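Down below is the structure, laid out as structure tokens.
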Amino acid sequence: GYFPTIHYILKYKTNSESFEVWGLMCFASLISLYPTIHAWKSSGNILALIFTIRGLVMVSFVLVLMKIYSNTNKSVTNVKF
């Protein structure tokens, strides 16, 4: 779920999600663009293209939010001088 994750990150101003999992989901969306673009060109299947682009945009948005709020929960004691 995009919306529960976005809600949690914005409400608590912290990131509890894994960059690896969301990064793999973004990579899967990128890979799925090829067959959906091919299906759109050959048979006019625009719905598959819309859902693939929506997934790519939403996962990218979650990754940006995760990056913004990933540094807010670091302790000062973990800083090395």
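Since this is a predicted model, take the numbers as computed values, not measurements.
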Within one Ile-Leu-Val-Met-Phe-Trp-Tyr cluster: [X] and [Y], side-chain cutoff 4.5 Å:
X     : Y     : value
Phe27 : Leu63 : no
Val64 : Met58 : yes
Val59 : Ile37 : no

For this session: Sorted by first residue and then second, give each side-chain hydrogen bond (donor to acceptor under 3.5 Å, both in side chains) pair with at least one member in residues 17-28; sequence neighbours left out.
Result: Glu17-Trp22, Ser18-Glu20
For this session: Tell me who clusters with Leu24, hydrophobic residues only, linked when side chains sit under 4.5 Å apart either directly or through other members.
Result: none
Seminar exercise, completed: Rounding to 0.5 Å, atoms CZ (Phe61) and CG (Leu56) come to a distance of 14.0 Å
Problem set entry | From CG (Asn15) to OH (Tyr69), nearest 0.5 Å | 11.0 Å
Give the table of side-chain donor-acceptor pairs shorter than 3.5 Å for residues 45-55, with sequence neighbours excluded, one pair per line with atom names and distance.
{"from": "Asn45", "atom 1": "OD1", "to": "Ala48", "atom 2": "N", "distance (Å)": "3.4"}
{"from": "Thr52", "atom 1": "OG1", "to": "Ala48", "atom 2": "O", "distance (Å)": "2.8"}

For this session: Please examine the side chains of Thr5 and Met66, heavy atoms only from C-beta on, and report whether any two atoms are closer than 4.5 Å.
Result: no
Which side-chain N or O atoms in residues 29-36 pair as donor and acceptor under 3.5 Å with protein atoms at least two apart or in another chain?
{"from": "Ser29", "atom 1": "OG", "to": "Met25", "atom 2": "O", "distance (Å)": "3.2"}
{"from": "Ser32", "atom 1": "OG", "to": "Ala28", "atom 2": "O", "distance (Å)": "3.3"}
{"from": "Ser32", "atom 1": "OG", "to": "Ser29", "atom 2": "O", "distance (Å)": "2.9"}
{"from": "Thr36", "atom 1": "OG1", "to": "Ser32", "atom 2": "O", "distance (Å)": "3.0"}
{"from": "Thr36", "atom 1": "OG1", "to": "Leu33", "atom 2": "O", "distance (Å)": "2.9"}

